[in-house]
Number of protein chains: 2
Amino acid sequence: MLLSKSCVYALRASLYLASKNENGYIPIREMSEKLDISFHFLTKILQQLTSEGMLESYKGPNGGVRLTRSGEEISLMEVVLAIDGDYMLTECAFGLPGCGVMKPCPIHEKWAETRDNIKYMLESTSLTELSKKGKEFNLRMTADGGFNDI
Amino acid sequence: MLLSKSCVYALRASLYLASKNENGYIPIREMSEKLDISFHFLTKILQQLTSEGMLESYKGPNGGVRLTRSGEEISLMEVVLAIDGDYMLTECAFGLPGCGVMKPCPIHEKWAETRDNIKYMLESTSLTELSKKGKEFNLRMTADGGFNDI
DNA sequence: ATGATTTAAGAGTATCTTATCCTAATATAC
DNA sequence: GTATATTAGGATAAGATACTCTTAAATCAT
């Protein structure tokens, strides 16, 4: 998998939050139902985003989670780094430790270019950008539901 | 992980075979030692490449495995497809089934471009190309050994 | 034929990922 | 204060991936 399942869920949930431009907290239960993700599992994933500072949470009635910054300022890369770490930016296709320009493996050069391409895409795409596009074209957020269903 | 560990081992082993331009069979034991990969595990992975037709094997003394075609004709994509399957070419970043131009998710377009880039790199790189480059610059094939050690 | 060498195949183990469940802690509402 | 809503966190189980071990089958050399 290019992204772990946790990461995929984190991306969907982050986009969900960005698409609600209300300022209030959004319950994880609501998200888990709308996005069709196991509530307990999603809770754990969002806890991680909270501890990384991308989200803040509030307990009790009317509690939930929300983005700490505008969705405009949050890139997909930030979510991926928080959940999957930086393996995408550093991993060697031959599995060699410390692979880089100083001690390259035979595919290092081409592989690094490919990784840079992935990196650029993730860094240059914000949650808000996807949210706008999603709303405009009613794009899918679940197996059977469009953006405007959430 | 972008590639499974099995796939990483398969790539290293395939390159090893391509770099030996002898026509004979190469014992898996020799490869496992030179490449520092568990013999039994490597055996299983190469069995898969054999059943996919990329390698042919021969039992008994002077037995081993060898490429069925010239390394010139074998791309990295062929190895990746044989071991990891085509998830790289089809996987949706949101995990939605059947994601594509007809029913796209919000990142489908950008994600597809990124995947195409990976695909192109894997398809356009042959084992022989890497072998030549590896020999020329004595690039790494193991954690501590160069190409000319194998 | 016999024994050594080598791949094939399957069972078994360990570790990581994914997912579920239960209890605690915190906040609100009445 | 009591009940309710909600996140936090731990314990556990199921599944996938990574690896190990053992036995069988094929081939060669003598």
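Protein chains get the first letters and strands the later ones, always in sequence-line order, with residue 1 at the start of each. If you're wondering where the values come from, they're calculated on a predicted model, not measured in any experiment.
- Contact record, B/Ala18 with B/Leu127: CB-CB, 3.6 Å, taken as the closest heavy-atom pair.
- The CD atom of B/Gln47 sits 16 Å away from the P atom of C/dT6 (whole-angstrom rounding).
- The CG-P distance, from A/Leu3 to C/dT17, rounds to 14 Å in whole Å.
- Contact record, A/Glu56 with A/Thr50: CA-CG2, 4.4 Å, taken as the closest heavy-atom pair.
- Contacts of B/Ile28 with the nucleic acid, taken as non-hydrogen atoms under 4.0 Å apart, involve only primed sugar atoms and P, OP1 or OP2.
- Using a distance-only test at 3.5 Å, with no hydrogens or angles considered, no donor-acceptor pair links the side chain of A/Asn148 to the main chain of A/Asn138.
- In this structure, the CD1 atom of A/Ile83 is 13 Å from the C1' atom of C/dT17, given to the nearest Å.
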Under 3.5 Å, side-chain donor or acceptor atoms of residues 112-121 of chain A against the rest of the protein: list the pairs with distances, not counting sequence neighbours.
residue, atom, partner, partner atom, Å
A/Thr114, OG1, A/Lys110, O, 3.1
A/Arg115, NE, A/Leu89, O, 3.4
A/Arg115, NH1, A/Thr90, O, 3.1
A/Arg115, NH1, A/Glu91, O, 2.4

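- In this structure, A/Gln48 places its CD atom 13 Å from C1' of C/dT18, rounding to the nearest Å.
- Counting heavy atoms from C-beta outward, B/Arg140 and A/Cys99 have side chains that approach closer than 4.5 Å.
- As rounded to whole Å, 14 Å separates atom C1' of C/dA8 from atom CG of B/Leu42.
- Cluster partners of B/Tyr25 are B/Tyr58, counting Ile, Leu, Val, Met, Phe, Trp and Tyr whose side-chain heavy atoms approach within less than 4.5 Å, directly or via other members.
- Taking Ile, Leu, Val, Met, Phe, Trp and Tyr as members and joining any whose side-chain heavy atoms lie under 4.5 Å apart, directly or through other members, A/Met102 forms no hydrophobic cluster with any other residue.
- Comparing B/Phe39 and A/Lys44 against DNA chain C, the residue whose closest nucleotide sits nearer the 5' end is B/Phe39.
- One atom, CZ of B/Arg29, and another, P of C/dA4, lie 16 Å apart when rounded to the nearest Å.
- Taking side-chain N and O atoms only, A/Ser4 has no distance below 4.0 Å to OP1 or OP2 of C/dT17.
- To the nearest angstrom, P of C/dA19 lies 14 Å from CG of A/Leu46.
- Map A/Phe41 and B/Thr43 each onto its nearest nucleotide of DNA chain C; the residue landing nearer the 5' end is B/Thr43.
- Residue B/Glu109 qualifies as open at atom CD: its count of foreign heavy atoms under 6.0 Å is 12 or below.
- Heavy-atom nearest nucleotides on DNA chain D were determined for B/His40 and for A/Gly63, and the one closer to the 5' end corresponds to A/Gly63.
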What N/O pairs connect the protein and nucleotides 24-30 of chain C at under 3.5 Å? Give each pair on its own line.
residue, atom, partner, partner atom, Å
C/dA27, O3', A/Tyr58, OH, 3.2
C/dT28, OP1, A/Tyr58, OH, 3.0

Identify every side-chain donor-acceptor pair in residues 1-15 of chain B under 3.5 Å, counting partners at least two apart or on other chains, and give the distances.
residue, atom, partner, partner atom, Å
B/Ser4, OG, B/Cys7, N, 3.1
B/Ser4, OG, B/Asp84, OD1, 2.6
B/Arg12, NE, B/Met141, O, 2.9
B/Arg12, NH1, A/Phe94, O, 3.1
B/Arg12, NH2, B/Leu35, O, 2.5
B/Ser14, OG, B/Ala10, O, 2.7

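- Interface limits on DNA chain D: the 5'-most and 3'-most nucleotides within less than 4.0 Å of chain B heavy atoms are D/dA18 to D/dA29.
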